[in-house]
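Scroll down for the structure; my scribbles are underneath it.
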There are 2 protein chains.
Amino acid sequence: MSAVLTRPTLLESQPAADPCAHCDARPSSVCNAIGERDLSRLAALTQVVEAAPGHTFISEGEPASHFFNITRGTAKLFKLLPDGRRQITGFATAGHFLGLAVSDTYAFSAEALEPTRYCRFPRNKLRGLLRDFPAMEARLLEVASNELVAAQEQMLLLGRKTARERLASFLVTLYRHSAPCGRTRTRFPLPMTRGDIADYLGLTIETVSRTLTVLRKEGLIDIPGPGVLIIANAAALERVAGGLN
Amino acid sequence: MSAVLTRPTLLESQPAADPCAHCDARPSSVCNAIGERDLSRLAALTQVVEAAPGHTFISEGEPASHFFNITRGTAKLFKLLPDGRRQITGFATAGHFLGLAVSDTYAFSAEALEPTRYCRFPRNKLRGLLRDFPAMEARLLEVASNELVAAQEQMLLLGRKTARERLASFLVTLYRHSAPCGRTRTRFPLPMTRGDIADYLGLTIETVSRTLTVLRKEGLIDIPGPGVLIIANAAALERVAGGLN
DNA sequence: CGGTCACTTGATCGTCTTCAATACCAGTGG
DNA sequence: CCACTGGTATTGAAGACGATCAAGTGACCG
């Protein structure tokens, strides 16, 4: 393949103003711990990058040179076994911070699902920044704590829930995250494929497809078209997700 | 039941000297981020508690009033579904810090496996301490990052590995943690029951028992008595754990 | 149009679960 | 001393859930 066909990351050589000042993702990201006045210091370390769908911008096991902050789009985070079995550990959307690890190699891979934009910071330089801005360190701890809680919830799902409960849990979580501020939408996009959902829930494509069909026939959800999901009966879905019925 | 029979936590009314100064777990815990001179401030907030085997000292869903630091023994951390299905998310030994969560309720329960000692700190007071000692906050972030990596590894196990691979992974992890400083021991205690192992690996007691028997007959491990494990062929076990063969 | 890709649906298979019986040990009390 | 109990572990037989194998559809695209 030629370099063009592999769709490498496009580096936007941010010539003009402060990229952080106009960042859509700032309110929901860790960067909001840094005041307006000090943003330029952060911006000086920042490199804005665009990843095309399917592009892997973090590879498990490679030297961990950067931290990442997603500002647009969605990426899947995953780990692989030697024979190709894959476990998606999470989906990262705008505001998510990636690369938190003490190890000197990445513990997971990340691949863009949609056109995805992210900032990256050299690890060593960010360390100094954290020293100067303890508020950002506190914010990172907050983020990491929340992710830890989510990871434990996912362990419960993977270890103890049935396929039906897993799908319900997944859809309910999407539903809850569909609008950050209290308000939820019943109709929202489903950017991941059946294969991605399967690898996230520890199932196969076929089981995901079958189970979605069942939930649809029961009237709990609807899938009017590819990539679109409608929550028709949120209460019932939450009950299923919790293991009742 | 009477209060005596339920074996409640015994509060050691630490009358004498600084508990932190003589703490065995300090080198491996987050407290080592605080210098000798400031230890007294930490000690003033600390309450040393002893938990008998089987005692639940953190309950999922209850108001999160404290942080915890295990200093001796082992505890299992777990989440429950309404019908009683249980997922153990980890085992906490000396040096482990518990309770990192932004939520105002605990996200998991913790139960002592052996006689277990821990320190507890009121949440609100520790916040002030973290403000004054950024080094401790940095240390907590480090701990949380490591736990996050471990959690992702566990997701891979629960979502994609076979029973055989799960057991091998579990035993290899125990093996690696058997001695912190490089040196590993081939014989070490196995304080958890088959039920605990099953709930940690997303299996049943019977499958755990059967699989251990197979590994034993293959000569990869030996179980000379209850609670004792011998790693006979670490290399082969690691291969199985990694999904090869 | 042929090609690929994502998805759905059906039939069969296999791993792990479930149900059940047995053994073992420690503690307790007749 | 020994029966009785409760907890833990092992082992066997049957069953179920999800995986695997396979076929077919529709959308998109060169």
Side-chain angles (χ1 to χ4, degrees), chain A residues 1 4-5 7 53-54 76 81 83-87 111 113-114 157-170 189-217 221-229 240 243, chain B residues 1 5 7 52-54 76 81 83-87 111 113-114 157-170 189-217 221-229 240 243:
Chain A
M1 301 189 211
V4 172
L5 289 179
R7 308 285 214 100
K76 56 186 175 197
L81 286 173
D83 63 0
R85 278 175 286 174
R86 187 176 67 158
Q87 178 65 38
E111 179 186 324
L113 232 59
E114 318 167 288
L157 180 151
L158 292 169
R160 289 302 181 214
K161 290 189 182 178
T162 66
R164 179 180 168 82
E165 290 162 356
R166 291 181 201 202
L167 258 302
S169 301
F170 172 65
L190 197 64
M192 54 289 282
T193 67
R194 300 287 182 273
D196 290 335
I197 299 174
D199 283 346
Y200 181 56
L201 300 179
L203 301 169
T204 60
I205 293 179
E206 294 91 329
T207 300
V208 169
S209 181
R210 271 186 256 272
T211 307
L212 285 178
T213 301
V214 170
L215 292 175
R216 195 163 46 74
K217 287 185 176 165
I221 62 170
D222 195 16
I223 304 180
V228 179
L229 176 73
V240 175
Chain B
M1 302 190 214
L5 289 180
R7 307 285 216 101
K76 54 186 176 197
L81 286 172
D83 63 0
R85 278 175 286 174
R86 189 177 65 161
Q87 179 65 37
E111 178 186 324
L113 232 58
E114 317 167 290
L157 180 151
L158 292 169
R160 288 304 180 212
K161 290 188 182 179
T162 66
R164 180 180 168 80
E165 291 162 355
R166 291 181 201 201
L167 257 302
S169 301
F170 172 65
L190 196 65
M192 54 288 282
T193 67
R194 299 287 182 273
D196 290 335
I197 298 174
D199 283 346
Y200 181 56
L201 300 179
L203 302 170
T204 60
I205 293 179
E206 295 91 329
T207 301
V208 170
S209 181
R210 271 186 257 271
T211 307
L212 285 178
T213 300
V214 170
L215 292 176
R216 196 162 47 74
K217 286 183 177 167
I221 62 170
D222 194 17
I223 304 179
V228 179
L229 175 74
V240 175

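If you're wondering where the values come from, they're calculated on a predicted model, not measured in any experiment. Chain letters run A, B, ... following the sequence lines, proteins first and then strands; every chain starts at 1.
- Here D/dT20 is the nucleotide among D/dT20, C/dT8, C/dT18 with the atom lying nearest to any side-chain atom of A/Glu206.
- Between A/Asp199 and A/Arg85, no side-chain nitrogen of the basic residue sits less than 4.0 Å from a carboxylate oxygen of the acidic one, so the salt-bridge criterion is not met.
- Counting non-hydrogen atoms under 4.0 angstrom, A/Gly225 reaches nothing in the nucleic acid.
- B/Gly202 comes within 4.0 angstrom of sugar-phosphate atoms only, judged by non-hydrogen atoms across all strands, and of no base.
- Residue B/Leu158 contributes atom CG, which lies 16 Å from atom C1' of C/dT15 at whole-angstrom precision.
- Scanning atom types as modelled, one donor and one acceptor separated by under 3.5 angstrom connect the side chain of A/Arg210 and the base of D/dT20.
- Rounded to whole Å, the distance from CG on A/Leu212 to P on C/dT8 is 7 Å.
- For D/dT10, one of the phosphate oxygens OP1 or OP2 lies less than 4.0 angstrom from a side-chain nitrogen or oxygen of B/Arg194.
- A sub-4.0 Å separation between OP1 or OP2 of C/dT8 and a side-chain N or O of A/Thr213 is absent.
- For B/Thr207, a side-chain nitrogen or oxygen approaches OP1 or OP2 of C/dT17 to under 4.0 Å.
- Taking atom CZ of A/Arg160 as the reference point, atom C1' of C/dC16 lies 11 Å away to the nearest angstrom.
- In summary, B/Arg86 and B/Asp196 engage in a salt bridge, as defined by a charged side-chain N under 4.0 Å from a carboxylate O.
- When rounded to the nearest whole Å, the span between CZ of A/Arg166 and P of D/dC17 equals 14 Å.
- The pair B/Asp83-A/Arg160 does not count as a salt bridge, with every side-chain nitrogen at least 4.0 angstrom from each carboxylate oxygen.
- A/Ser209 places no side-chain N or O within donor-acceptor distance of the main-chain N or O of A/Ile205, the cut-off being under 3.5 Å.
- Counting non-hydrogen atoms under 4.0 angstrom, A/Thr193 reaches the backbone sugars and phosphates but no base.
- If you run side-chain contact (heavy atoms from CB on, under 4.5 Å) between B/Val208 and each of B/Thr193, B/Leu203, B/Thr213, only B/Leu203 comes through.
- Distance B/Asp196 CG to D/dA9 P: 8 Å, rounded to the nearest Å.
- Side-chain proximity of A/Thr162 to the nucleotides C/dC7, C/dG10, D/dG18 is greatest for D/dG18.
- Whole-Å rounding puts the B/Met192 CE to D/dT8 P distance at 14 Å.
- In this structure, A/Ile205 places its CD1 atom 15 Å from P of C/dT9, rounding to the nearest Å.
- In this structure, the CD1 atom of B/Ile223 is 6 Å from the P atom of D/dT10, given to the nearest Å.
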